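To start, the structure under review is shown below, and the notes come after it.
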Protein chains: 6
Amino acid sequence: METWLTSLITDTPQQGFELAIKMARMGVKYTQPSAEVRDSLRDAYQNDADSLTWASQVVAVNFQTVAAANGYWR
Amino acid sequence: METWLTSLITDTPQQGFELAIKMARMGVKYTQPSAEVRDSLRDAYQNDADSLTWASQVVAVNFQTVAAANGYWR
Amino acid sequence: METWLTSLITDTPQQGFELAIKMARMGVKYTQPSAEVRDSLRDAYQNDADSLTWASQVVAVNFQTVAAANGYWR
Amino acid sequence: METWLTSLITDTPQQGFELAIKMARMGVKYTQPSAEVRDSLRDAYQNDADSLTWASQVVAVNFQTVAAANGYWR
Amino acid sequence: METWLTSLITDTPQQGFELAIKMARMGVKYTQPSAEVRDSLRDAYQNDADSLTWASQVVAVNFQTVAAANGYWR
Amino acid sequence: METWLTSLITDTPQQGFELAIKMARMGVKYTQPSAEVRDSLRDAYQNDADSLTWASQVVAVNFQTVAAANGYWR
């Protein structure tokens, strides 16, 4: 795997949220490395409300980590 | 993505809860950017008890982050 | 939305648990504002063991937040 | 609701774990107050592996709270 | 229930992980005390990828507690 | 079980993320020790978007633990 995570520190909460999204996606990528397969799955889950909710939950868990790392940007 | 999250600090716990809701929705929006598609999904999941419970769980996880950021408004 | 959350501080752990339940329900209410619809969903999910477990999980997550806010009532 | 939670402090980790189980069950009871209904659901979910896993997860989340309250019984 | 949890402290992270597994299983055992029933369920859920993922999630939540109790074995 | 977890400390956040993935997989392996069975399940769950999301969630929970252990690599 290429280098993709060198720091949890971000300038703003929004950048931290976007890092949390990247982490959620990388959690998928390590399990399903094929971009072609991931793309083929996208259409189904982008159109399923529960799938989107579960994806949002993974982001929320990762954002807890990123926010703590950044002292909540206080 | 437009700027939507500049701070986790809110004046009151309720504003923090409402920020947690926004974060849950933005977690969905990053995955499904189309407002049209999101609206089309809304009817189904607003009328499914489990979907609502899972949505509430994402809010709960995000609210943990916001509450910690605000020192629990003590 | 009316004011419903002015503080996370409660006198007792049980009051904190009951606040966590209210937060779980409010997480639903923000997504499905219609009391009529929520009532119509109640019968199904009150009689489904997994639905009840998932609801209890949301309470558990919210209670973590409330308990931390209250210094665990030590 | 009767008084059932006056403290998160327990003498031992196992008592804390058992309190976490009680909390998980009370999270259900607040949503489904009828003991008769809860009993009728028990047979199905006690014989479903995933239902048992999800129940164990709620216990795990509650145990995090109880353990933190007790300074991890160190 | 016999005594099974007298301390969260372990010598190594791996022993802590294995304690987290035991806690996940005990969370099931309190709900389904019959070893015979639990064994009968095992075959199905050991051969279902999602069941295994959910079981791993309960372990992860319990391991958070054990790791914190041990100061992360630093 | 062989020794596989001697420390939660890693040099970089990415190594910590990869440790979290290993922990998620080991959580599965303790429940389903057969590599042959795990391999047979892989095809189905690698091609199911929700399965991948749930796997990513377990990684996220484990990464919280690893990140805390490492002081968030600050």
Side-chain angles (χ1 to χ4, degrees), chain B residues 4-5 7-74, chain C residues 1-11 15-17 19-74:
Chain B
W4 65 275
L5 185 63
S7 170
L8 297 178
I9 305 305
T10 68
D11 285 339
T12 69
Q14 183 166 334
Q15 288 175 7
F17 196 85
E18 289 164 0
L19 175 56
I21 290 168
K22 181 174 184 62
M23 290 160 65
R25 291 180 182 163
M26 292 304 292
V28 169
K29 187 174 179 181
Y30 277 93
T31 303
Q32 177 45 273
S34 160
E36 194 182 339
V37 173
R38 292 199 310 275
D39 284 348
S40 73
L41 299 175
R42 192 163 310 203
D43 189 56
Y45 105 104
Q46 278 190 327
N47 292 285
D48 181 296
D50 291 335
S51 297
L52 290 166
T53 298
W54 294 324
S56 184
Q57 165 119 347
V58 182
V59 174
V61 173
N62 280 319
F63 186 64
Q64 287 194 330
T65 309
V66 175
N70 285 278
Y72 302 98
W73 299 275
R74 277 185 297 232
Chain C
M1 185 67 70
E2 79 280 19
T3 299
W4 65 276
L5 185 63
T6 58
S7 171
L8 297 178
I9 306 304
T10 68
D11 285 339
Q15 287 175 8
F17 196 85
L19 175 56
I21 289 169
K22 182 174 184 60
M23 291 160 65
R25 290 180 182 163
M26 292 305 292
V28 169
K29 187 174 180 180
Y30 277 92
T31 303
Q32 176 47 272
S34 160
E36 194 182 339
V37 173
R38 293 199 308 275
D39 284 347
S40 72
L41 299 175
R42 191 163 310 204
D43 189 56
Y45 105 103
Q46 278 190 326
N47 292 285
D48 181 296
D50 290 335
S51 297
L52 290 167
T53 298
W54 294 325
S56 184
Q57 165 120 347
V58 182
V59 173
V61 173
N62 280 319
F63 186 64
Q64 286 193 329
T65 309
V66 176
N70 285 278
Y72 302 98
W73 299 275
R74 277 184 296 231

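Keep in mind that the numbers below use all heavy atoms, side chains included, and drop hydrogens, waters and symmetry copies. Order of the sequence lines sets the chain letters (A, B, ...), proteins ahead of strands, with each chain counted from 1. Values in this document were obtained by computation on a predicted structure and should not be read as measured data.
Only the side chain of B:Asp50 comes within contact range of chain C, with heavy atoms under 4.5 Å apart. For C:Ala20, no part lies under 4.5 angstrom from a heavy atom of chain B. Only the side chain of B:Arg25 comes within less than 4.5 Å of a heavy atom in chain C; its backbone stays farther off. Contacts between B:Gln15 and chain C at a heavy-atom distance below 4.5 Å are absent for every atom of the residue. In this structure, chain B has a heavy atom under 4.5 Å from the side chain of C:Val37, while its backbone stays farther away. Looking at C:Ser40, there are no atoms closer than 4.5 Å to chain B (heavy atoms on both sides), in backbone or side chain.
Note: B:Tyr72 OH to C:Thr65 OG1 = 6.5 Å, rounded to the nearest 0.5 Å. Note that OG of B:Ser56 is 13.0 Å distant from NZ of C:Lys29, once rounded to the nearest 0.5 Å. The distance from atom CH2 of C:Trp54 to atom OG1 of B:Thr53, rounded to the nearest 0.5 Å, is 9.0 Å. Note that CD of B:Gln14 and CD of C:Glu2 are 7.0 Å apart. Values are rounded to the nearest 0.5 Å.
Chain B forms more heavy-atom pairs under 4.5 Å with one residue of C:Asn70, C:Thr31, C:Val66 than with any other, namely C:Thr31.
With hydrogens and angles disregarded, a donor-acceptor distance shorter than 3.5 Å links the side chain of B:Gln64 to the backbone of C:Val61. Under the 3.5 Å distance criterion, the side-chain polar atoms of C:Gln32 are matched with a main-chain donor or acceptor of B:Gln46.
Classified by interplanar angle (parallel below 30°, tilted 30° to 60°, perpendicular above 60°), the ring pair B:Phe17/C:Trp4 is perpendicular.
Considering only heavy atoms from C-beta on, B:Phe63 comes within 4.5 Å of C:Leu8 through its side chain.
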